[in-house]
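The next block holds one structure in the form of structure tokens; read it before the comments.
Read the numbers this way: they start at 1 and go in the same order the structure lists the ligands and their atoms.
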Amino acid sequence: MYSIDQLLETIRDRNVESLRLQFTDIQGLVKSVSIPATRLGKALDSGTGFDGSSIEGFARIQESDMLLRPDISSFAILPWRARENRNVARLICDVYKPNGQPFEGDPRYVLKRAMKKAEEMGYSMNVGPELEFFLFNMENGRATTRPHDFAGYFDFGPVDLAEEIRREIVLALTDMGFKIEASHHEVARGQHEIDFTYGEALRTADNVVTFKYVTRTIAMKNGLAATFMPKPIYGAAGSGMHVNISLFRGEENAFFDPDAKMQLSDLARHFAGGLLEHAPAITAVTNPLINSYKRLVSGFEAPVYIGWSGPNRSSLIRVPSGRGLSTRLEFRSPDPSCSPYLGFAAILAAGLDGVKRKIDPGDPVDMNIYELSDEERDRLGIKLLPSNLREALDRLEEDRIVRDALGEHVFANFMRLGSLEWKMYNNFVHPWEVERYINTI
Ligand code: ADP
Ligand code: MG
Ligand code: MG
Ligand code: MG
Ligand code: MG
């Protein structure tokens with residue numbers, strides 16, 4: 001995108017005074033340090049130091065000196081930070097150890113490593129995520145669970161009070177280089193979706209991270225809280241992040257085969273086979289919160305069973321109707337609370353394992369899986385996704401392929417943090433229990 005000369009020119013022309021150097025921790029949270037634009041040369045030459053032991057899932061205290069190296073192609077001006085004609089821009093960074101090696105705990109590095117494996121097989125992975133989120137009213141500076149409007153799927157003003165805010169989000173994202181495809185009100189009250197055009201996996205993971213903080217920032221400017229929490233309201237639809245996936249060989253979509261059954265290539269079928277086989281372990285990565293599992297229940301178009309299908313929205317993998325360049329698998333379990341870097345890396349490794357081992361996904365199940373009886377599901381061999389975080393972590397521990405995709409460093413920290421979260425949750429006495437038992441037992 002940007003060469004170094006173009007970058008310096010833009011910084012001069014647009015009067016960019018400071019740069020936000022960004023990266024993410026293993027839970028997907030964005031970290032940022034601000035430097036004056038005049039320090040860019042030094043940051044590019046020798047990196048910018050930071051204390052890795054203060055970042056969740058990074059280094060131990062004895063080996064905490066780490067370096068950020070900006071990826072100049074990620075340069076983008078933050079539109080809401082403009083003051084008069086002075087600007088602030090961000091650069092997404094890779095994390096390096098003092099010895100000059102990439103840091104294995106950097107989620108961006110984990111995804112790059114997975115993409116390299118695909119490249120060696122002759123493929124590049126394209127990803128198109130669909131992020132859903134809620135807009136809630138705020139009280140005393142904190143989010144409530146009171147939806148900002150009372151509209152539903154595809155509703156249009158005046159009931160959809162968020163039209164203006166969605167527009168503002170879309171404009172900010174567009175200024176930052178996103179190609180927006182659609183934005184609409186979602187099923188639940190106060191729930192929305194904004195879709196942007198798919199692209200190469202690393203750039204898209206960067207975009208997911210950007211999307212979330214742009215959305216939250218613009219909402220905040222309007223006095224609202226945007227949240228990507230997977231299931232904020234019991235009984236209402238949760239927020240997912242469907243991940244549309246295709247493998248390209250050069251300019252060609254290698255999932256498309258006009259002469260094959262469903263016009264899906266063997267490559268696409270085997271990729272689906274790999275996703276189905278490794279789905280339980282992937283879930284730990286793509287659905288990393290206690291709360292994620294409250295979304296994965298029947299009745300809200302979220303997947304519960306491990307199966308694939310044509311247009312059926314009850315299955316884990318749907319094959320949307322587009323063909324040619326748009327031929328893709330839609331993996332429907334992920335939610336927007338995950339690290340997109342780790343999530344895409346797990347998905348890619350699982351799919352490629354299916355390709356290598358030619359895993360047959362079986363026949364697609366083109367009926368509403370929720371409506372089948374347990375016996376029918378058993379007969380069709382349809383298994384369940386993990387129903388809670390503990391189960392998902394256990395399945396991750398058993399799965400060599402997904403574990404290796406994360407690498408030992410990330411895997412170990414991921415298990416440690418997840419297990420801690422599970423323990424805290426289980427030991428806590430929740431309002432639900434008190435209300436249910438205190439007067440009757
Ligand atoms: P849905 O019908 O599931 O609501 P959307 O229209 O909201 O689907 O989103 C579809 C997503 O799929 C978009 O982000 C789009 O860019 C993406 N997409 C289209 N073609 C491909 C492809 N070949 N590979 C990956 N993603 C793709
Ligand atoms: Mg959609
Ligand atoms: Mg749509
Ligand atoms: Mg949706
Ligand atoms: Mg979708």
Next item on the list: Kindly identify the option in Leu131, Leu325, Asn126 whose heavy atom sits closest to atom 23 (N) of ligand 1.
Entry: Leu325

Note to self: Only heavy atoms of Glu330, strictly under 4.0 Å: list the atoms of ligand 1 that pass.
What the structure shows: 3 (O)

Note to self: With nothing but distance in play, are any N or O atoms of Arg332 less than 3.5 Å from an N or O of ligand 1?
What the structure shows: no

Check: Do Ser18 and Arg81 have a side chain donor and acceptor closer than 3.5 Å?
Finding: no

Next item on the list: For ligand 1, find out whether one of its N or O atoms is nearer than 3.5 Å to an N or O atom of Phe248.
Entry: no

Notebook entry, point to check: What part of Thr327, side chain from CB on, backbone N/CA/C/O, both or neither, has a heavy atom under 4.0 Å from ligand 1?
Noted result: backbone

Margin query: Could you tell me, atom by atom, which parts of ligand 1 come under 4.0 Å of a heavy atom of Glu181?
Written below: 13 (C), 15 (C), 16 (O)

Item checked: Pairs satisfying ring-ring contact (aromatic ring centres under 6.0 Å, His included), at least one member in residues 320-347, at least two apart -> none

Notebook entry, point to check: In terms of side-chain heavy atoms, does His278 have a donor or acceptor partner in Asp399 at a distance below 3.5 Å?
Noted result: yes

Next item on the list: Looking only at distances, please establish whether an N/O atom of ligand 1 is found under 3.5 Å from an N/O atom of Thr197.
Entry: no

Checklist line | ligand 1 versus Asp195: contacting region, heavy-atom distance under 4.0 Å | finding: side chain

Note to self: Under a 3.5 Å threshold, yes or no: a donor from one side chain and an acceptor from the other, between His192 and Glu186?
What the structure shows: no

Next item on the list: Using a cut-off of strictly less than 2.8 Å, determine whether Glu301 has an N/O/S atom near the Mg ion (ligand 4).
Entry: no

Item checked: Subset of ligand 1 atoms that lie under 4.0 Å from at least one heavy atom of Glu193 -> 7 (O)

Margin query: Nearest 10°: the angle subtended at the Mg ion (ligand 5) by Glu330 OE2 and His242 ND1?
Written below: 90°

Margin query: Can you confirm whether the side chains of Tyr213 and Gln22 place a donor and an acceptor under 3.5 Å from each other?
Written below: yes

Checklist line | Name, closest N/O/S atom of Glu132 to the Mg ion (ligand 4) | finding: OE2

Checklist line | Nearest heavy-atom neighbours spanning Asp360 and Gly362 | finding: OD1-N, 2.8 Å

Notebook entry, point to check: So, Ser124 versus Glu119: side-chain donor-acceptor pair below 3.5 Å or not?
Noted result: no

Note to self: Going by side chain to side chain donor-acceptor pair (under 3.5 Å), name the residues that satisfy it together with Asp5, two or more places apart in sequence or in a different chain.
What the structure shows: none

Checklist line | 4.0 Å heavy-atom contact, Phe255 with ligand 1 | finding: no

Notebook entry, point to check: Have Thr197 and Glu181 got a donor and an acceptor in their side chains that come within less than 3.5 Å?
Noted result: yes

Next item on the list: Examine Glu186 and say whether one of its N/O/S atoms is closer to the Mg ion (ligand 4) than 2.8 Å.
Entry: yes

Check: With a cut-off of 4.0 Å, which atoms of ligand 1 are near a heavy atom of Gly128?
Finding: 14 (O), 25 (C), 26 (N)

Item checked: Atom nearest to the Mg ion (ligand 4) - Glu193, N, O or S atoms considered -> OE1

Notebook entry, point to check: Near Asn253, which atoms of ligand 1 are under 4.0 Å from a heavy atom of that residue?
Noted result: 23 (N)

Check: Do other residues, nucleotides or ligands put more than 12 heavy atoms under 6.0 Å from Arg436 CZ?
Finding: no

Item checked: Residue pair Ile11 / Ala37: nearest heavy atoms and the distance that separates them -> CG2-CB, 4.0 Å

